[in-house]
S.K.: 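Have a look at this one.
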There are 4 protein chains.
Amino acid sequence: MRTDSLPTLDARKRPRQARSQATVDTIFEATIQVLLAEGLPRLTTIRVAERAGVSVGTLYQYYPQKQALLFAVLQRHLEQVARTVDEAALSMHGATLAQMVRTIVTAFVKIKTQNLAESRALYAVATELDSREYVQSIKQRNRAALEAMLRTASDARFADISTVTFMFAGVMIGPIQVLLEGEPTPEMLKLLPEQLVSVCLGYLEREALRPA
Amino acid sequence: MRTDSLPTLDARKRPRQARSQATVDTIFEATIQVLLAEGLPRLTTIRVAERAGVSVGTLYQYYPQKQALLFAVLQRHLEQVARTVDEAALSMHGATLAQMVRTIVTAFVKIKTQNLAESRALYAVATELDSREYVQSIKQRNRAALEAMLRTASDARFADISTVTFMFAGVMIGPIQVLLEGEPTPEMLKLLPEQLVSVCLGYLEREALRPA
Amino acid sequence: MRTDSLPTLDARKRPRQARSQATVDTIFEATIQVLLAEGLPRLTTIRVAERAGVSVGTLYQYYPQKQALLFAVLQRHLEQVARTVDEAALSMHGATLAQMVRTIVTAFVKIKTQNLAESRALYAVATELDSREYVQSIKQRNRAALEAMLRTASDARFADISTVTFMFAGVMIGPIQVLLEGEPTPEMLKLLPEQLVSVCLGYLEREALRPA
Amino acid sequence: MRTDSLPTLDARKRPRQARSQATVDTIFEATIQVLLAEGLPRLTTIRVAERAGVSVGTLYQYYPQKQALLFAVLQRHLEQVARTVDEAALSMHGATLAQMVRTIVTAFVKIKTQNLAESRALYAVATELDSREYVQSIKQRNRAALEAMLRTASDARFADISTVTFMFAGVMIGPIQVLLEGEPTPEMLKLLPEQLVSVCLGYLEREALRPA
DNA sequence: CATGAATGAGAGTTCATTCAT
DNA sequence: GATGAATGAACTCTCATTCAT
């Protein structure tokens, strides 16, 4: 598949005046709003500018390409996820498997479901954006945090820890994603954390080495 | 999100003559080829027609809108997945949990990874196409098949079987999707089925009611 | 100076139907008309399409970029010049210096002044178009024809013939260009050929080797 | 050709203070630098302001339109050329034809080739700027100076002196321009003055009236 | 006076779709 | 039925110019 590598996705200009920082924020929020209200295919620079109440020219002053707009939104979301996982994982160093799983799952579910619509929309963004490299790096960062945590479990040790971590992470994401893509009932959302804990714990205990 | 319900996507004329059927197939295959070779953003009706060796006019004779083209491709893929799962599930009625899981996982992994590129490309198609309803219906159908199967397990019974099925399905999809989005090493792909079995079995055994 | 090399300037599609050949011609003529009526800075694809009575889309079917439009016009003009010089030079092989000069100058002046406005406009086009390579190649071709001719002069021989040819050609172009850029009076135009003959002959006779 | 006569191009405010004069000069130099480094199509007011280290607002204080900027650069160049020719011509009053030609050609070649890149770039500026009138006036001034000089030649007299002057000037410009448009070898540049002298002298001697 | 954020008309280009041949 | 020329709305992006601070 042709994937002409794109120019930098980062924003062009770091604004110096307070006025323009406000503008940047407005545009950013407008992007999310358009994304949610109209969907990715109808997200055009003109529409975002209109919604933000600025001219296209202003938009391009801060986001030099349409893709930079989307990338910014994606970035904020993923950065948030990564930070949350990092912190949760770090706080559980030395705990038991059960404690670890419960904490991580809770944090993960919370951040993904609290802004449900945004999360949903961003899946589409990520695929359309040739941001694979960036998305992968975030996932990698998450896995590293989880792996470091698992190594310190007080009640378990693993033979192939990187595979175990990969599955652990994947298994958490799977049902959440499926849920996001559908129309989850509140009921389902309430059940989810407990179920995910069960899934993860079931797997990890199975893979843990028996103490001789 | 605005979803001006689109004019019927599968409104394509069912051709009566053999020659016409051949044309439809040619166009269909051309669509997949263009999708894989050029990517969704470069998939234009003209390019598909060229690749198929027909004129745009002819293409529109059979697929009255571009979306119908994409929908057809998506449909065939999902239909295949659904059929595979249906059959695997049906063949395992009455078996043990372990046998069931092993069979389903194997079938699922096989169909998703044998045509890795296509699966990946279709993910983008699905998001761009507002085909949520259809995708959901396929997932629903899959879950129904799985649930029916689980009910007949010779060595287990479940309290909330629909939730269990939901998680079972979600848990299979998760790691596969994560793998597809990255650059899976052959090694990883080899490990995957066994790991998935472990995940699913770990969960299902945990959720199974203890026989008194 | 940055000169990002541009993609091919050639026309995209060789039309197959008579209808479209007519369209191509219409667009071509419209380009010249807009160029003359509005000037290069106001020559936009929309304006050309309007003048041609077709839609922009149609224009782009045949000239995939704006530059292709300009290049086509430039090309036709230069090709005409080159052909004229080639033929005139060839027809004078073996003649005397005076005959050669008279013929060449006449041909050159005629072709440059018969379509005065077009010639004038094309200078601007050539500089804006990064067509240096092409323009150079035409000039080279002209010089080659002139040099071949001079070698056969029945009444003269030259020591450094390539330099002499270069000056001969340059000396013809100079006053013509100056004339084109101004508002030449008809009187001036009438005097021009005789004067150019005088210039060229004066130079060439001066540079010719004295027969021992 | 439409030539909406443009608002005065040199409407720039004559600054009264030394500091302002310095700013004007800085902007002026920045314009030339951008022109040479980036080319005319990439010469934007913002880029010029950046290069000059001032804001766009300041730039507009002194050059109320972009065209004024370009016009100023063009003007300085042409003024320089005109002055050089004026002085050279004046200094040769009463000399022989050969002395005149040698001096004028030398001065002309020197000024045109010493800043080759600038000359080239300005050609594009002149065409984009609708400055024909001004360019013509400079040429007229040059011709006047040359004609005045030729009238005093100690060893020649001409029947139609204004035509002779026109050709003399045109003949000097032609080969130089051709050279500038190509990639002149240093070798060529060294030969040029001598050759031009030959051309001009050949012509002028031919056109000089025989002393009875 | 200087700044630089904001403007918005206008440019080049693409592509789903139609319809005369 | 098949063809492919023609359409034109819509998109991304640029840049000369203005004006509140």
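What's counted below: heavy atoms across the whole structure, side chains too, no hydrogens, waters or symmetry copies. Just so you know, these numbers come straight off a predicted model, no measurement behind them.
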S.K.: Of all the nucleotides listed (dT7(F), dA9(E), dT18(F)), which has the minimum atom distance to the side chain of Val56(A)?
M.R.: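 In terms of side-chain proximity for Val56(A), the closest of dT7(F), dA9(E), dT18(F) is dA9(E).
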
S.K.: Both Thr58(C) and Thr58(B) contact DNA chain F. Taking the nearest nucleotide for each, which residue is further toward the 5' end?
M.R.: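 Residue closer to the 5' terminus by nearest nucleotide: Thr58(B).
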
S.K.: Where the side chain of Arg51(B) meets the backbone of Thr31(B), is there a donor-acceptor pair that is under 3.5 Å apart?
M.R.: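 Checking the backbone N and O of Thr31(B) against the side chain of Arg51(B), no donor-acceptor pair under 3.5 Å is found.
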
S.K.: Verify ring pair (Phe, Tyr, Trp, His ring centres under 6.0 Å) between Tyr62(C) and Phe28(C), making sure each step is shown before the conclusion.
M.R.: CA-CA 10 Å; Tyr62(C) 301 105; Phe28(C) 185 91; over 10 Å; no

S.K.: Taking the P atom in each of dC1(E) and dT21(F), what is the distance between them to the nearest angstrom?
M.R.: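 Roughly 22 Å separates the two P atoms.
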
S.K.: For Ile46(A) and dT7(E), give me the distance from atom CD1 to atom C1', rounded to whole Å.
M.R.: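 Going from Ile46(A) (CD1) to dT7(E) (C1'), I get 14 Å.
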
S.K.: Report which part of the nucleic acid Thr44(A) touches: base, sugar-phosphate, or nothing (heavy-atom distance under 4.0 Å, all strands).
M.R.: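 If one applies the 4.0 Å heavy-atom cut-off, Thr44(A) turns out to touch the sugar-phosphate alone, with no base involved.
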
S.K.: Does a side chain donor of either Ser20(A) or Thr23(A) reach within less than 3.5 Å of an acceptor in the other side chain?
M.R.: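 No donor-acceptor contact under 3.5 Å links the two side chains.
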
S.K.: Using whole Å, what does the distance between atom C1' of nucleotide dT3(F) and atom OH of Tyr62(B) come to?
M.R.: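 Checked: the OH to C1' distance equals 13 Å.
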
S.K.: Nearest whole angstrom, please: distance from the C1' of dC11(F) to the CG of Leu59(A).
M.R.: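 Leu59(A) atom CG is separated from dC11(F) atom C1' by 13 Å.
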
S.K.: Counting only side-chain N and O atoms of Tyr60(A), is one of them less than 4.0 Å from OP1 or OP2 of dT14(F)?
M.R.: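 No, outside the criterion.
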
S.K.: Between Thr45(D) and dA16(F), does any side-chain N or O lie under 4.0 Å from OP1 or OP2?
M.R.: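 Answer yes for this pair, as a side-chain N or O of Thr45(D) is under 4.0 Å from OP1 or OP2.
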
S.K.: Measure from CZ on Arg42(C) to P on dA9(E) and round the result to the nearest Å.
M.R.: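 Taking CZ of Arg42(C) and P of dA9(E), I get 16 Å after rounding.
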
S.K.: Rounded to whole Å, how long is the line connecting atom CD of Gln67(D) with atom P of dC15(F)?
M.R.: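 For the pair Gln67(D) CD and dC15(F) P, the rounded distance is 16 Å.
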
S.K.: Rounded off to whole Å, could you give me the CD1-to-P distance for the Ile27(C) and dG12(E) pair?
M.R.: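 The answer, rounded to whole Å, is 14 Å.
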
S.K.: Salt bridge check: are Lys66(A) and Glu128(A) linked by an N-O gap of less than 4.0 Å?
M.R.: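 No, Lys66(A) and Glu128(A) are not salt-bridged.
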
S.K.: When the distance from CD of Glu50(C) to C1' of dG8(F) is rounded to whole Å, what number comes out?
M.R.: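 Rounded to whole Å, this separation is 12 Å.
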
S.K.: With respect to the phosphate group of dA11(E), does any side-chain polar atom (N or O) of Arg47(C) fall under 4.0 Å of OP1 or OP2?
M.R.: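 Indeed, a polar side-chain atom of Arg47(C) lies that close.
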
S.K.: At under 4.0 Å, does any side-chain N or O of Ser55(C) touch on OP1 or OP2 of dA6(F)?
M.R.: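 No, Ser55(C) has no side-chain N/O under 4.0 Å of OP1/OP2 on dA6(F).
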
S.K.: Both distances under 3.5 Å, Watson-Crick or G-U wobble: report the partner of dG10(E), or none.
M.R.: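 For dG10(E), the partner nucleotide comes out as dC13(F), under the 3.5 Å rule.
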
S.K.: Please assess Phe71(D) against Tyr63(D) for the test ring pair (Phe, Tyr, Trp, His ring centres under 6.0 Å), listing each intermediate value before the final yes or no.
M.R.: CA-CA 10 Å; Phe71(D) 191 75; Tyr63(D) 296 89; over 10 Å; no

S.K.: From CD of Gln65(D) over to C1' of dC15(F), roughly how many Å is that when rounded to an integer?
M.R.: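 Rounded to whole Å, this separation is 15 Å.
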
S.K.: Which base, if any, makes a Watson-Crick or G-U wobble pair with dT21(F), both distances under 3.5 Å?
M.R.: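 Pair assignment: dT21(F) / dA2(E).
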
S.K.: For Gly57(B) and Lys66(A), take the nucleotide of DNA chain F holding the closest heavy atom to each; which residue's nucleotide lies nearer the 5' end?
M.R.: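 Residue closer to the 5' terminus by nearest nucleotide: Gly57(B).
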
S.K.: By the 4.0 Å heavy-atom rule, please label Val54(A) as base, sugar-phosphate, or nothing.
M.R.: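 Result for Val54(A) = sugar-phosphate.
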
